[in-house]
Asks: 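Let me give you the structure first, and then I'll get to my questions.
Scope of the values below: all heavy atoms of this structure, side chains included, with no hydrogens, waters or symmetry mates. In this chain, residues are counted from 1 in sequence order. Since this is a predicted model, take the numbers as computed values, not measurements.
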Amino acid sequence: NWKVIYPLGRVTKRSRLGEVMSESAVGGLTVQDASKGALFVLFLVTMIDMIGFGIVIPFLTYLVEDLTPEGQTANIGLWVGLLMTSYSAAQFLFSPFWGSVSDRIGRRPVLMVGLVGNTVFFTLFGLANTLILAFVARFLAGVFNGNIAVARAYIGDVSTPQQLATRMGIIGAAFGLGFTFGPFIGGELSDPASRWSWFESTIFDTHPYLLPCLVASVLSVFSLLIAIRSLPESLPVESRTQKERVPWMTNMVHIMKNSVSMLKAPNVSLVIWVSMLFTFGFTIMHAVFILYTEMSPENGGLAFSEADNGRVFAMIGITGIVTQGLFIGPLTRKFGSRTLIPVASVLTGIGLVLIPYTEASSSWFHILIVSVIIALGNGIFQPSSSSFLTRVAKSNGYELGVVMGAQESLGAFARILGPLTGGLVWTLTVSREWPLDYHTSFHICGLVMLLAAVLSVKLPHLEEDLQPLPDTSEES
């Protein structure tokens, strides 16, 4: 049974899995705290999700070429687009589903089902010998990777207001790490038989892109084992939504209606729109960044290799981890999430606009500065927007799983539109004269970020976080 304690107080108990849990009460609101093992599992779930999205970027075109039947002509660009967007499309469709299910049966089983799905379908993608099988594996990986919303809802379940921003920062750091190092891992481990002799005449010779997919699967298995041991349920039975079972399609339609309703809900809708715009602008860059850096200096590019681009991704990832893991807590306590959101949007927009103005003669110096600016902006925005949305949802009495599911669905939708928009604009403008040349895609990124910043100024004012409890460093 849950206890409501007045005034501030904390009660320690032991969960069914053996972890020491605690209940803290702030103003009559009881929150079940989480062990560090549980937070580590959530970190891994989020990181693996985004690794799965980005790991195919370096080798996707080559995979399509290899799987094209001999003597037949395939529209390689179309298949690359389909495989790139199928993952995000599946997340867009199924994030509300997983969020709603977690409100009904609990967070833990949903997170563990997602990890099992990751293990199976990452490996299947690496073993795919036809384009259709690759598409199916990629789509199903996206279906089972639609559980970031559940991880964020778990954080909301087990965090006090003082812990929320810092813990969302942990999830945000995992998001940035996976999204950044996914392409790096994919590039470094692709086609190992042509680079290392011990892979010759093995399955990695006939399936040159299996190794990075297996690495993602192994990470998923590792997370699953830790989850079995260290991830307790965060949502008590009496707090779960009680709903009758309905047909899958009917349930999906209902969930989609819930997502649309969140876009119309007072206060919540504006936060979701700002987050979607930010994601849209950011993923435009992911489609055109390597296209720009691979261009020759004579055409305005940097002549970077795949390894060079991998190092840039790693640099962005390290900066993002430092920002979200160390700085977001103090910044939030000093300025508040509402203030940080527009500042982060503007900062990220400035960095994105500056990318194509890098001078080839001092490319690494310039790209380092630009990458740090982008990583700082993104590292501040992600946890700030997530924690602010959680507070708004709770203060207005919305089901947290449904709200986070809607946010992740629309974020996935933005990740579908972003790369498609970036690739289309790049194709139409790369051969033109300034200002409508290869700079245009990055200018659009900046305009979208500016729009997100303008909208975020209208976000609702909430009561500032309560003063920290004693010894909060041990609880975070």
Asks: Mind listing the closest non-hydrogen atom pair of I341 and S456 along with its distance?
Replies: CG2-CB, 3.7 Å

Asks: Checking side chain to side chain contact (heavy atoms under 4.5 Å, CB included) between L42 and each of L111, V158, V150, which is the one that passes?
Replies: L111

Asks: At what distance, to the nearest 0.5 angstrom, does CD1 of I444 lie from NE2 of H439?
Replies: 13.5 Å

Asks: I'd like to know if the side chain of R338 reaches the main chain of S384, judged simply by a donor and an acceptor atom lying under 3.5 Å from each other, with no hydrogens or angles considered.
Replies: no

Asks: Is there a side chain to side chain donor-acceptor pair (under 3.5 Å) between S387 and S337 once you walk through the steps?
Replies: CA-CA 7 Å; S387 61; S337 297; 3.2 Å; yes

Asks: Between F121 and F144, is the ring-ring contact (aromatic ring centres under 6.0 Å, His included) condition met? List the steps.
Replies: CA-CA 9 Å; F121 296 114; F144 284 90; 5.5 Å; yes

Asks: Could you go step by step and tell me if T119 and L115 meet the side-chain contact (heavy atoms from CB on, under 4.5 Å) rule?
Replies: CA-CA 6 Å; T119 303; L115 290 171; 5.6 Å; no

Asks: Would you check, one step at a time, whether the test side-chain contact (heavy atoms from CB on, under 4.5 Å) holds for V312 with W364?
Replies: CA-CA 9 Å; V312 173; W364 278 106; 3.8 Å; yes

Asks: Which one of N378, I373, V372, I374 satisfies the side chain to side chain contact (heavy atoms under 4.5 Å, CB included) criterion with L376?
Replies: V372

Asks: Test ring-ring contact (aromatic ring centres under 6.0 Å, His included) on H366 and Y357; report intermediate values, then the result.
Replies: CA-CA 9 Å; H366 286 188; Y357 295 95; over 10 Å; no

Asks: Run L340 and I328 through side-chain contact (heavy atoms from CB on, under 4.5 Å) and show every step you take.
Replies: CA-CA 9 Å; L340 292 177; I328 189 61; 4.2 Å; yes

Asks: Under 3.5 Å, is there a donor-acceptor pair linking the side chains of T123 and S217?
Replies: yes

Asks: Yes or no on side-chain contact (heavy atoms from CB on, under 4.5 Å) for T323 and I380, after CA distance, side-chain angles and deciding distance?
Replies: CA-CA 7 Å; T323 301; I380 293 171; 3.9 Å; yes

Asks: On the 0 to 90° scale, with breaks at 30° and 60°, tag the Y292-F442 ring pair as parallel, tilted or perpendicular.
Replies: perpendicular

Asks: Looking at Y154, is R107 sitting on its ring face, NZ or CZ under 6.0 Å from the six-membered ring centre and within 45 degrees of the normal?
Replies: no

Asks: Is there a donor-acceptor contact under 3.5 Å from the side chain of W98 to the main chain of V143?
Replies: yes

Asks: Which heavy atom of V425 sits nearest to which heavy atom of S441, and what is that distance?
Replies: CG1-OG, 3.5 Å

